[in-house]
Amino acid sequence: MKKITYFDVIVVGGGHAGAEAAAAAARMGAKTALITHSISKIGEMSCNPAIGGLGKGHLVREIDALDGIMGQSIDKSGIQFRMLNSSRGPAVRGPRAQADRKLYKNSIQKILFNQKNLSIIEETIEDLIIDKNKVCGVITHKLKKMHCRSLVLTTGTFLRGQIRIGKNSYPAGRLGDKSSINLAKKIESLKFSIGRLKTGTPPRIYKQSINFNDLEEQTPDKNPVPFSFINKFIHIPQISCFITHTNNKTHKIIKNNIHLSPMYSGQIMSMGARYCPSIEDKINKFSDKRSHQIFLEPEGLDNNIIYPNGISTSLPENIQENFIRSIKGLENAIIIKPGYAIEYDFVNPQELYHTLETKKIDNLFFAGQINGTTGYEEAAAQGIIAGINSALKLSNNRKFIIDRSDGYIGVLIDDLVTRGTNEPYRMFTSRAEFRLVLRADNADQRLTPLGIKTGCVSRFRENIFNYKINKLKKDFSMVKSKSISPNKLNKLGIPINHDGKKRSAFELLSFNNIGFDDIVKIWPEMGLIDNESREQIIIESQYAGYLKRQRDDIDDFKKDEQLTLPNNLDYKYVGSLSNEIVEKLSLIKPPTLGAASRISGITPAAIIALLRHVRRQKNNKEA
Amino acid sequence: MVKKQDTIYALSTPPGKSAIAVVRISGSKALDYIKKISSSMPTKPNTSTLNKLITKTGDVIDQTITTYYKAPKSFTGEDMVEISMHGGNAVINKFIDVFKKNKKTRLAEPGEFTRRSFENNKLDLTQVEAISDLVNAETEYQRKQAHSQLEGNLTLKTKEIYSELTNVLANIEAMIDFADEELPTDLLNNIKEQIENISNEIYNILSKNSKGRKIREGFIVGIIGKTNTGKSSFINNVSNQEIAIVSNKPGTTRDAIESYIDIRGLPVRFFDTAGIRKHRNTVEKIGIKKSKEISKEADLNLVFLNKSSEIDDFKNVSNPIFIQSKYDIRKKPTTINDITNISSKNNYGIKSLLNRIFHQLSDKNFTENTYISRERHIECLKNTIKYLEKSKQKKNYDVFSEDIRLAIKEISKIYGKTDIENILDIIFSDFCIGK
Ligand SMILES: Nc1nc2c(ncn2[C@@H]2O[C@H](COP(=O)(O)OP(=O)(O)OP(=O)(O)O)[C@@H](O)[C@H]2O)c(=O)[nH]1
Ligand SMILES: [Mg+2]
């Protein structure tokens, strides 16, 4: 007897996108199932053992602001916290932490197991049930039909994944697992436009075979700053990483054997990420660089594996060993697992709406690496958005979209769905045009209110947030209300121009020579303002001019985003658009005039024509 | 609903010399501002008045016909004033100058009037056709403009600056987004040096291409060449008077002689100079030195030759037109394309030479199409400099980069927006990124 089961939301895949999607849907109150082939692998870090970094750290903070699980989990498992760019300005600071793989995974699993409304099921998916371009369930390996309102696929690199080391090549994933092949075939049969990408990993090295004695040490921050806005302290012991370098000998070995690398023997043609080249690529493309740095990253506190970040390779195993042993500190290195390259298919993200629902099949969502991104954080960011929107499908067609001026998550998704990608997409701070406003330190102020409104934020976090916001408001109004004349300031020993202009505490903080301690000297009651508020006040004061300009730009941006283009707009009838532009717009279906203007190859004249057309339609309707 | 926006102005007839020029001002402050500089201003909407425009200092700019359109019954849907004035360059320039100095209004971006009328929902079905024509005219105008800008060297220069700035930004972004990578240690110094060089370049352009100066002082055309080639005879011919001494003795002219000539409305100052040869005495030496200075500053140089082979001696002269005079008595007139034949005795070729001078000067500086956009160029360049100067103050990388982004935004107003992908392309091709 076939048993029929129903869930509001089914999430397939237990990686970082899947975990975040399932948790978000369940928080939204949807009856949710997370289906994974192996429960023990949920939340596993399959690549390098770190969370955050530049741009990525912003994403983690934003996920956390929406009550996601990534930030809390890294706070429980981070073994080396560092605030990157701490001296380069608040907008580009990026929190990063090395993780203890096991602790991280444990934390994710614990949160999911305790999540209300969420069932976790160990199963594999054979097929999707699709009725009139609408997904309504899955068929699992044990031939159970499971129905659902919406389905989120977060299956990573399983589409035609192919691993290559030297001349060897074999399909990725669980070897010989037919069901993953069936699901891949199903997705192919739906005729999404597909591209192929490549990524690589370095060999893993046995920790006790490395001589760290003479290597450069990278120490953790003295005061680790948590990722999550609900945490104030980190309780995990903090340890160092070590840095070593490739040398002449290393380069020689690699050059001499480059023909054995599948990338140079013509076996791999797909596009790898330019910011994450293999060591073969680095040596080949930047031949004048004498050495390349390698971060020796521990995979955990009681773990014997070292991840040498910076030397991903697909050379044959014996060559890997050769060149590894030419490197300082690694002379006796034992390789536990060789590096390899993996090629895989991804779905062109232009097939998706900003909600990450596919345009072809209703109620079907894609999130994570399947959309052409790389990185846990990018995956998790998509996961939370897909999770929220899949749950919103239950209600009267509400949508949850973060736009480019709200957060990095918005930049990420907008880039993907309007422009597509031809290399594994990774977040950078430079992608955010409103970077000064979208800081890691204010992610909660930007996004938690949106999360509360849409229903993905728990009461616990809501209370913490409200408390903080009220405190901030009070503190800001205090520093803006008290003011003092230059005369008095000078008398207090704080030198300032005698221009007769009275200035508020807030304005005074924009002067380089005036710090919060001076302010407290003038107005002792401001000593009560805590560090969290002080940081916000100082940034807003020192960057006031820049922030005002950028907020004005955001207003302009929002105006264009409010001009919506109907989903069923037939671009052929817009007039004065070239065929190429008609094709592009019909494929991508930009939701707003703003989104249309960001598609590559769309001219200003085309935008004017679009605007004109939409206005005409509207007037017709009103008449 | 009409949104409150800046008040903008622009010349809406094609720039250059024409009978009537129309300037439009749109926005909430349009009427107020024009009233301030008017002798008699219509207060009733949709009526026209004969109105003298007067500057603060009391100069009359022109007698105009001024029309006032009250919001929302105007082209843009905002309060608008339309001024028809006489179409001479001097009048228009004076007017634009007065406008530039006031803080209430600003020069419109290309297409901004049309855009506002779109935004204010001014288009009903019957207007669509008419507007469509207008919008098309506008893009056609932009197309032409883009083309002629390509030929101007100011434009080529600004394009160069644009790509240099893009490089600077890419370098800063590399330091921000790839802080953990091994970037070149002298990167920051290089960036600072590049910014210094770029600002100097812009200052240079701004000082050379100040159009206002040209209008006031006229273009400079140097008349240079070896002795006895007929330079003085030429300046006498075109100025219809004997201002320079002519003789068959080489080295007659010792000091530069100036003659102001109006070529079809373009003010041009011809400078006859001492013929160049191995000088015989100090007076002549000073004269020759001056000749060289003039030829360096000149917008155009008429290089007079005795024989065509002399061209090689004048290779370094900027903006040259090579000329052989005395066509009337030459047995074998030159047939080399680059050399123009004239005669100051019988006027052969003089008219067409003056025509050519007119075209070359106006092409380079005031093509009818690039006139206003040049105005915009200068404004963009000034804003670019403003942000570059700001970036030189000591500050965090995030705002340092923002200053450069704003500078690029200003200069790219001429070419369309920058794309972050270009920046990333530069980073990844210049630096080995990826730990
Ligand atoms: N037939 C004829 N003679 C000319 C013409 N132009 C100049 N000449 C004669 O050529 C001689 C030199 O003329 P200038 O005009 O003094 O020459 P220049 O180049 O000013 O000479 P310098 O001042 O000495 O450098 C004079 O005898 C002129 O009369 C012309 O077009 N036709
Ligand atoms: Mg002479």
Side-chain angles (χ1 to χ4, degrees), chain A residues 53-55 82 84-85 87-94 96 245 273-278 281-282 285-286 289 291-295 309-310 312 415 419 428-433 435-436 439 512 542-543 546 549-550 559 575-576 597 600 603-605 608-609 611-612 615-616 618-620 623, chain B residues 3 110-111 114-115 118-119 121-125 127-128 131-132 135-136 138-140 142-143 169-170 172-182 184 390 393-403 405-406 409 416-421 423-425 427-435:
Chain A
L54 296 166
R82 282 198 317 139
L84 306 185
N85 274 346
S87 65
R88 295 182 171 178
V92 296
R93 267 170 219 155
R96 183 185 191 276
H245 285 86
R274 292 168 298 175
Y275 42 80
C276 188
S278 64
D281 263 353
K282 287 186 191 179
K285 288 189 184 146
F286 295 89
K289 225 178 154 209
S291 91
H292 299 274
Q293 67 180 353
I294 304 166
F295 291 79
N309 204 343
S312 84
D415 277 351
R419 306 159 62 117
F428 300 115
T429 71
S430 50
R431 294 193 195 271
E433 59 270 49
R435 182 164 66 189
L436 296 179
R439 300 187 308 272
N512 281 334
Q542 290 180 345
Y543 281 14
Y546 287 99
R549 190 201 323 273
Q550 211 155 78
K559 214 170 71 189
S576 54
S597 72
S600 73
T603 60
I608 291 181
L611 183 57
R612 205 164 67 206
R615 280 271 148 77
R616 191 162 50 200
K618 214 164 115 196
N619 287 347
N620 274 350
Chain B
K3 185 178 175 285
T114 316
R115 188 187 161 127
F118 275 123
E119 284 177 352
N121 232 338
K122 282 300 291 175
L123 299 173
D124 62 32
L125 214 48
Q127 283 174 307
V128 164
I131 293 306
S132 146
V135 170
N136 286 337
E138 209 169 50
T139 37
E140 174 64 8
Q142 284 167 347
R143 189 191 66 76
L169 182 61
I172 301 172
E173 294 299 346
M175 293 195 304
I176 290 174
D177 269 335
F178 303 100
D180 256 2
E181 306 279 348
E182 292 176 305
K390 225 175 142 197
Q393 295 157 13
K394 191 175 148 42
K395 53 178 63 172
N396 285 335
Y397 285 7
D398 55 0
V399 274
F400 181 28
S401 146
E402 184 70 7
D403 288 331
R405 278 181 190 230
L406 290 168
K409 199 167 155 193
K417 56 186 176 185
T418 33
D419 193 325
I420 178 62
E421 281 305 320
I423 306 283
L424 293 175
D425 284 345
I427 294 178
F428 297 133
S429 58
D430 282 2
F431 308 114
C432 181
I433 298 289
K435 56 175 201 181

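So that the names make sense, note that chain A is the first sequence line, chain B the second, and so on, each numbered from 1.
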Participant: Which atom names give the shortest non-hydrogen contact between B/Asp177 and A/Leu54, and what distance separates them?
Facilitator: O-CD1, 3.5 Å

Participant: Could you tell me which residues satisfy side chain to side chain contact (heavy atoms under 4.5 Å, CB included) with A/Ser312, sequence neighbours excluded, listed by chain and number?
Facilitator: A/Pro202, A/Ser278

Participant: How many angstroms lie between atom CG of B/Asp180 and atom CG of A/Asn85, to the nearest 0.5 angstrom?
Facilitator: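 If we round to the nearest 0.5 Å, B/Asp180:CG and A/Asn85:CG are 8.5 Å apart.
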
Participant: Please answer whether the main-chain N or O of A/Leu436 pairs with a side-chain N or O of B/Asp398 as donor and acceptor at a distance below 3.5 Å.
Facilitator: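 Not confirmed, B/Asp398 side chain does not pair with A/Leu436 backbone.
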
Participant: With rounding to the nearest 0.5 Å, note down the distance linking CZ in B/Phe178 to OG1 in A/Thr429.
Facilitator: 9.0 Å

Participant: Any non-hydrogen side-chain atom of B/Leu169 less than 4.5 Å from a side-chain atom of A/Ser430?
Facilitator: no

Participant: Measure B/Lys390 against the heavy atoms of chain A and call it side chain, backbone, both or neither at under 4.5 Å.
Facilitator: side chain

Participant: Could you tell me whether A/Arg435 and B/Glu173 have a side-chain N and a carboxylate O separated by less than 4.0 Å?
Facilitator: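 Salt bridge between A/Arg435 and B/Glu173, a charged N being under 4.0 Å from a carboxylate O: yes.
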
Participant: Mind checking the OH-CG spacing from A/Tyr546 to B/Asp403? Nearest 0.5 Å is all I need.
Facilitator: 3.0 Å

Participant: By side chain to side chain contact (heavy atoms under 4.5 Å, CB included), which residues pair with A/Gln542, not counting sequence neighbours?
Facilitator: A/Ile538

Participant: Measure B/Ile172 against the heavy atoms of chain A and call it side chain, backbone, both or neither at under 4.5 Å.
Facilitator: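 No part of it gets close to chain A.
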
Participant: Between B/Asn396 and A/Pro90, which heavy-atom pair has the shortest distance, and what is it?
Facilitator: ND2-CD, 3.8 Å

Participant: Would you mind checking if B/Glu402 and A/Arg549 are paired as a salt bridge, meaning a charged N to carboxylate O distance below 4.0 Å?
Facilitator: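 No, no charged N to carboxylate O under 4.0 Å.
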
Participant: Using heavy-atom distances under 4.5 Å, tell me whether A/Ile294 contacts chain B through its side chain, its backbone, both, or neither.
Facilitator: neither

